[in-house]
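Report on the structure given below.
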Protein chains: 2
Amino acid sequence: MELNDFLPYQLSVLSLKISKGIAEHYQDQFGINISQWRVLVILYKNPDITAKKIAQLSQMDKVRISRTLKSLVQKKYLNQATHPLDARAKNYELSERGRYLMRAVIPDALRYEEELLKKLSDDERQQLQHLISKFNRILDREDSF
Amino acid sequence: MELNDFLPYQLSVLSLKISKGIAEHYQDQFGINISQWRVLVILYKNPDITAKKIAQLSQMDKVRISRTLKSLVQKKYLNQATHPLDARAKNYELSERGRYLMRAVIPDALRYEEELLKKLSDDERQQLQHLISKFNRILDREDSF
DNA sequence: TATTTTTTGTTTCATTTGAAACTAAATGTC
DNA sequence: GACATTTAGTTTCAAATGAAACAAAAAATA
């Protein structure tokens, strides 16, 4: 029995380790926190989606998402549009200012990732991607304990 | 450029997904939260260590660790001992009650992990373990951005 | 040895978080 | 159509969090 090697625990430690440095960097350089960065990334790749969709994609709490969206709209990084089919929801997308921000932040983020990934072999990188996809497929099917 | 596939982001989502179900379960069944569970796991495998060491191993904040240790001592799951060489620090270990708790929780945790891992092939499991170790080695060397 | 600096851990306090309650709209049922 | 139920998102409020300041001991330096 190997509890140090307990997978949820190991992944949490690893994820924290990887996020720590980069999170401070975003805050210092661009004044955006981790929640904001995550929502921005999602909207960068998925324009015109609702808070609900963001929740699904990010696994973040809906309250946190609600507040993050509010702050990003206040900072003028996002545009809000009324949803055509549902008056409760709003569609969000990056504003011009938001896209400008992302053009500044993304190279930084990618450089960090590259630094990390270049220490893996081609095989290892492929395996990593494969494993992440597989886990997501497994976990999206059954979320029960 | 693939930001959805940005590694820190993917790992965070995955880690949250994996932890979600199991965290609720610990709380409901045993009245311990994620911080407490993590500290307990660490002390299960590393008896007689200080808060500092726990911080290194878990990547958790020192304030959080301080409070978690306090709560676990209050709940009588841990014994505190004065550190032989450093009067500022204390050594912690599971109490009898703590070990009893762990004997109840661990099978549950391992069953959850097993459910997850049995959906991977032998190769995939090995690759997973290899990648986690490798990342930890990489990240422990250089923690600069 | 005295003094400064660093390290370990705690406390304070302002911020972040998320469960629960809520609003308002959409969907389902009669 | 009227009423009940579900869904999307927000607000409230109590708890968790962590940065900064702190205390106390250890280590480094003079």
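No hydrogens, no waters, no symmetry mates; every other heavy atom, side chains included, goes into these values. Every chain is numbered from 1, with letters handed out A, B, ... down the list of sequences.
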- Which nucleotide in the set D:dA8, D:dA26, D:dT10 lies at the smallest distance from any side-chain heavy atom of B:A87? D:dA26
- Message: From CE of B:M60 over to C1' of D:dT17, roughly how many Å is that when rounded to an integer?
- Response: 11 Å
- Check the distance between C:dT23's C1' and A:D86's CG and give it to me in whole angstrom. 14 Å
- What is the distance from CG of A:N91 to C1' of D:dG9, rounded to the nearest Å? 14 Å
- Query: Rounded to whole angstrom units, what separation is found between the NZ atom of B:K53 and the P atom of C:dG9?
  - Reply: 12 Å
- Message: To the nearest 0.5 Å, what is the distance between CG on A:L72 and CD on A:Q80?
- Response: 11.0 Å
- If only atom types and distance count, is the side chain of B:S58 paired as donor or acceptor with the main-chain N or O of B:I54 below 3.5 Å? yes
- Note on the structure: Regarding the side chain of A:K52, the nearest nucleotide among D:dT10, D:dA8, C:dG9 is D:dA8
- Under a 4.0 Å heavy-atom cutoff, the residues of residues 64-72 of chain B touching DNA chain D are B:R64, B:R67
- Taking D:dG9, C:dA19, D:dA19 as options, the one with an atom nearest any side-chain atom of A:A89 is D:dG9
- Query: C:dT17 P sits how many Å from B:N33 CG, rounded?
  - Reply: 17 Å
- Query: When the distance from CZ of B:R38 to P of D:dA16 is rounded to whole Å, what number comes out?
  - Reply: 15 Å
- Item | Close side-chain approach of A:H83 to A:T50, heavy-atom, < 4.5 Å | yes
- Between D:dG9, D:dA21, C:dA26, which one does the side chain of A:A51 approach most closely? D:dG9
- Spacing between A:L85 atom CG and C:dT27 atom C1', to the nearest angstrom: 14 Å
- Message: Less than 4.0 angstrom from a charged side-chain N to a carboxylate O is my criterion; do B:R125 and B:E113 meet it?
- Response: no
- Does any donor atom in the side chain of A:S35 or A:R67 lie under 3.5 Å from an acceptor atom in the other side chain? no
- Task: Nearest whole angstrom, please: distance from the P of C:dT17 to the NZ of A:K62.
- Result: 17 Å
- Is it the case that A:E124 and B:Q127 place a side-chain donor and acceptor less than 3.5 Å from each other? no
- Task: For residues B:L57 and B:I49, determine if any side-chain heavy atom of one lies less than 4.5 Å from a side-chain heavy atom of the other.
- Result: yes
- Query: To the side chain of B:V63, which of C:dA19, D:dA20, C:dT8 is closest?
  - Reply: D:dA20
